[in-house]
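A short write-up of the structure that comes next.
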Amino acid sequence: MSADTLALIRDHVDGTVVVLRTSKAAAPENTRDHNDDELILGWVELPHGTSRWHTPAEVSAAALRVARGEPLSVLGSVRPWEGRPA
């Protein structure tokens, strides 16, 4: 999403806008800075070196925390990058 599009959305919303970013935003080659209203969706590390993506309920709960101003920029793990689910 472009900065212009995000600004347009913010102009038309009363209250907080929480920007959800996929784990790609945390990829090693991505060096972009992140804002306080952004939540990067990582993954859940499971036993035996496996992992899974977050459920809709987990993502929603985390987004609400960010909307309330609680410090949370990443949900779950984003490193090691090779540990992300297939």
Nearest heavy-atom pair of [X] and [Y]: which atoms, and what distance?
| X | Y | result |
| --- | --- | --- |
| T16 | A67 | OG1-O, 3.7 Å |
| I40 | A26 | CG2-CB, 4.1 Å |
| W53 | G42 | CE3-O, 3.6 Å |
| W43 | S23 | CZ3-CB, 4.1 Å |
| N30 | A25 | ND2-O, 3.1 Å |
| V74 | V78 | CG1-CG1, 3.7 Å |

Considering residues at least two apart in sequence or located in another chain, which fulfil the side-chain hydrogen bond (donor to acceptor under 3.5 Å, both in side chains) criterion with R84?
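side-chain hydrogen bond (donor to acceptor under 3.5 Å, both in side chains) list for R84, sorted by chain: empty.
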Do [X] and [Y] touch side chain to side chain, with heavy atoms closer than 4.5 Å?
| X | Y | result |
| --- | --- | --- |
| T5 | S2 | yes |
| R68 | L64 | yes |
| V44 | L46 | yes |
| V19 | L39 | no |

Hydrophobic clusters here meaning ILVMFWY residues chained together by side-chain heavy-atom distances under 4.5 Å, can you tell me if L20 and V17 are in one?
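The answer is no; the residues belong to distinct hydrophobic clusters.
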Do L6 and V13 share a hydrophobic cluster (ILVMFWY, side-chain heavy atoms under 4.5 Å, transitive)?
yes
Atom pair CZ/CG of R21 and L75 - distance to nearest 0.5 Å:
15.5 Å
Nearest-0.5 Å distance, NZ of residue K24 to CH2 of residue W81
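Between K24 NZ and W81 CH2, I get 9.0 Å after rounding to 0.5 Å.
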Go through E38 and R32 one step at a time and tell me if the salt bridge (Lys or Arg N to Asp or Glu O under 4.0 Å) criterion holds.
CA-CA 12 Å; E38 293 182 337; R32 175 186 161 298; 2.7 Å; yes
Less than 3.5 Å apart, any donor N or O on the side chain of E45 or S51 sitting next to an acceptor on the other?
no
For side chain to side chain contact (heavy atoms under 4.5 Å, CB included), just list the numbers for R52 and T50, CA-CA rounded to whole Å, side-chain angles, deciding distance to a tenth of an Å, and then say yes or no.
CA-CA 7 Å; R52 68 166 174 83; T50 59; over 6 Å; no
For H54 and L41, indicate whether the former's side chain and the latter's backbone hold a donor-acceptor pair under 3.5 Å.
no
